[in-house]
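Structure record follows, encoded as structure tokens.
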There are 2 protein chains.
Amino acid sequence: MSPRVSLVSRPCSICNNLTDEFNYGVISCNPCKMVFRRVMKFETKFDHCLCGNKKSTSCRCCRFSACIAGGMKISCIQKYKHATLIQNLIKMDHKRNNTFFNYQMCEDLSLDQLMISGVPKIKDQGVRFTSHDWVSMEIYSTIEFMKNLDLVHILTSNDLMIFVKNAHFKCAIFFIAVRSYMAKMEFMTFPDNVDVFPEEISNVPDYSPKLLNRIRTLLISKFREFDVSIEELLLVVTIIICDPSVAGLSEFSMNVISQYQRIYSSALQAICQNKCKASWPTRFTNLLFLSNILTKTIKDLDDVVVLFKYHQPALPLRKLVKDSF
Amino acid sequence: MSPRVSLVSRPCSICNNLTDEFNYGVISCNPCKMVFRRVMKFETKFDHCLCGNKKSTSCRCCRFSACIAGGMKISCIQKYKHATLIQNLIKMDHKRNNTFFNYQMCEDLSLDQLMISGVPKIKDQGVRFTSHDWVSMEIYSTIEFMKNLDLVHILTSNDLMIFVKNAHFKCAIFFIAVRSYMAKMEFMTFPDNVDVFPEEISNVPDYSPKLLNRIRTLLISKFREFDVSIEELLLVVTIIICDPSVAGLSEFSMNVISQYQRIYSSALQAICQNKCKASWPTRFTNLLFLSNILTKTIKDLDDVVVLFKYHQPALPLRKLVKDSF
DNA sequence: GGTAGTCCACGGTGCACGGAC
DNA sequence: GGTCCGTGCACCGTGGACTAC
């Protein structure tokens with residue numbers, strides 16, 4: 001009997017050249033493996049093109065797109081191992097806090113303007129921030145956080161816009177809760193005890209302290225209930241950010257975002273397993289459910305804004321906030 | 001009664017990842033086991049680094065250091081089983097003898113110079129060695145012997161220097177005694193009956209044949225008394241070499257050297273047990289006591305050198321010898 | 001039965017080559 | 001024609017799965 005031939009050559013799933021290799025989860029030749037690796041490592045710059053050479057090796061962009069479409073697993077890239085992933089999120093969070101606390105917006109930009117050019121400046125000495133100012137910085141630093149995620153390097157600018165627009169406001173609210181929770185507060189607040197709602201709110205006739213208070217406390221009460229760590233919160237927010245089901249995304253970006261969401265999700269799962277042994281699925285579900293609590297909070301906030309708009313149409317809301325409702 | 005839970009996951013003592021394995025004497029995951037195995041087997045090169053990623057798996061050096069610090073037992077590596085160990089020492093001794101008999105120093109190097117670059121050349125035909133020449137080769141070949149010990153591969157160059165400096169001269173003297181003893185001599189001598197002391201010694205007024213003779217005979221008389229074998233002598237010298245209590249060593253190197261000393265020591269113990277059954281502890285103690293006899297001989301030698309220096313300050317001692325007093 | 005050792009697939013790295021400017 | 005950048009080959013180290021003692 002002849003020995004089993006294991007190294008049979010098959011066409012590379014990316015470029016069709018014959019190969020006996022298996023890389024990043026698919027049958028693929030070494031050159032395609034290297035293209036995928038290098039784009040994922042950002043060893044080489046990656047620009048989108050319009051050539052559409054689907055199975056050709058001549059265009060990096062199309063070859064890389066074929067890698068994604070062909071099922072190459074981003075999670076096989078070692079920098080997406082859990083420990084490294086979480087370390088990076090923590091670093092990004094530090095950076096976000098630094099921006100939030102130490103900078104201020106130069107002008108009242110809309111989200112579109114911000115994405116093109118807007119950069120804040122170092123905060124003036126002794127300037128006193130209103131709720132409007134803080135919320136601007138909260139949103140700005142959240143967008144910065146999102147743009148520091150590895151995946152944005154491989155999204156087209158159009159998809160990146162959709163990606164950011166979808167989650168930035170929601171996540172900014174989440175980050176207010178995170179910061180307040182980490183500062184041992186029971187409710188959302190800005191630094192120096194500046195309320196999250198502008199002072200002008202007391203002029204609204206249907207003013208409902210109960211509703212406002214629910215907005216301020218709901219998320220944080222859940223954080224406390226589950227005794228969440230910053231690592232868990234950062235993974236949850238990243239899972240919320242990486243939502244592949246947004247309308248308008250290209251299939252490519254949907255695929256990429258979805259892969260990243262799975263990576264972050266499995267890191268969160270690992271943390272839960274580590275913490276709770278047998279009961280980890282409960283914790284994991286609870287943490288993922290924070291996304292719904294956030295949605296509920298946003299819904300409440302929406303109601304408040306509607307009231308606001310009705311009774312105070314001239315309220316000077318920042319463009320970044322206005323755009324979100 | 002519930003069954004004993006044997007496969008409980010615990011954090012790896014090296015990298016903290018969960019594992020249910022137990023390798024080389026500590027709770028440790030398979031990857032850490034493999035790193036330790038490979039460095040110890042010299043399957044892969046091992047360089048020291050400065051990164052200091054103590055509990056990270058990303059740096060081989062730090063991971064290996066953590067293995068040592070975490071208590072992984074070098075003795076569990078099978079090549080450190082007694083038989084292999086002794087075979088290796090015998091081979092190293094052959095090599096040492098080959099160097100000693102067939103080479104000569106190119107120039108008069110100091111120990112520091114020697115450690116960096118010095119290599120001897122094949123002995124010229126018909127050249128007649130003086131005591132000075134032989135002692136140089138004795139020291140050189142002893143250093144070579146020391147550098148052939150496995151453990152030097154994992155010492156930093158600084159610790160290696162300390163390690164060699166501490167024992168090389170002492171051991172060179174021991175090796176003179178070993179060779180003379182194996183050649184059935186009653187006293188230390190160099191080949192062709194060249195005396196271990198240089199001819200110039202007769203010019204010293206306080207010349208004490210009795211002291212010189214004690215130096216020449218003390219060790220060898222003990223060898224005869226205990227009827228030691230070459231295996232035993234090589235283990236003894238290696239135990240002397242692997243002295244973890246030298247000042248200046250890093251904790252890491254101290255730990256490594258100490259582990260090796262224990263390995264050689266237990267090999268010697270096994271030989272004694274094999275040879276003497278019930279009375280092995282006496283033999284074992286006697287053999288270890290040879291270290292003190294050596295120290296005594298070195299002390300005597302020191303006295304002679306002091307006399308020498310006083311009466312013959314211009315005596316052309318080799319740098320390797322000068323450095324040792 | 002448990003632990004040390006071996007095998008091998010695959011991810012990562014270094015380098016030489018080739019085309020573009 | 002030098003330099004820069006991307007490519008793809010060859011090799012290395014890792015760690016999972018298996019074997020042997």
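By convention in this document, chain letters (A, B, ...) are assigned in the order of the sequence lines, proteins followed by strands, and residues within each chain are numbered from 1.
Remark: C1' of D/dA10 and CD of A/Glu21 are 11 Å apart, rounded to the nearest angstrom. The distance from atom CE of A/Met34 to atom C1' of D/dA10 is 11 Å, rounded to the nearest whole Å. Atom CZ of A/Phe46 and atom C1' of D/dC5 are 17 Å apart (whole Å). Across the protein-nucleic acid pair, B/Ile27 atom CD1 and C/dA4 atom C1' stand 18 Å apart, rounded to whole Å. Taking atom CD1 of residue A/Ile77 and atom P of nucleotide C/dT13, one finds them 10 Å apart after rounding to whole Å. At whole-Å resolution of the value, NZ in A/Lys73 and C1' in C/dC10 are 13 Å apart. The distance between atom CG of B/Asp20 and atom P of C/dG1, rounded to the nearest whole Å, is 16 Å. Rounded to whole Å, the distance from CD1 on B/Ile14 to P on D/dG15 is 13 Å.
In this structure, B/Phe64 and B/Phe252 have perpendicular ring planes: the angle between them is above 60°, well past the 30° mark.
Ring to ring, B/Phe46 and B/His48 are close: their centroids are under 6.0 angstrom apart.
Heavy atoms of B/Lys41 sit under 4.0 angstrom from primed sugar atoms or phosphate atoms, though from no base atom. A/Cys29 comes within contact range of no nucleotide atom at all, as no heavy-atom separation falls under 4.0 Å.
For B/Tyr24, the side-chain atoms get nearest to C/dG5 when compared with the rest of C/dG5, C/dT6, C/dG12. The side chain of A/Gln78 sits closest to C/dG12 out of C/dG5, C/dC10, C/dG12. Of the listed nucleotides (C/dG12, C/dT6, D/dC9), C/dG12 has the atom at the smallest distance from the side chain of A/Arg37. Comparing C/dT3, C/dC10, D/dG16 by their nearest atom to the side chain of A/Asn23 picks out C/dC10.
Using a 4.5 Å cut-off on side-chain heavy atoms (C-beta onward), A/Glu232 and A/Leu235 make no contact. A heavy-atom distance below 4.5 Å is not found between the side chains of B/Tyr260 and B/Pro244.
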Using a cut-off of under 3.5 Å, enumerate the N/O to N/O pairs linking the protein to nucleotides 11-13 of chain D.
| from | atom 1 | to | atom 2 | distance (Å) |
| --- | --- | --- | --- | --- |
| D/dG13 | OP1 | B/Lys45 | NZ | 3.4 |

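Heavy-atom neighbours of B/Lys275 NZ from other residues, nucleotides or ligands within 6.0 Å: above the threshold of 12.
Between the side chains of B/Arg262 and B/Ser258, at least one donor N or O lies within less than 3.5 Å of an accepting N or O.
At distances below 3.5 Å, at least one donor-acceptor pair connects side-chain atoms of A/Arg283 with backbone N or O atoms of A/Phe226.
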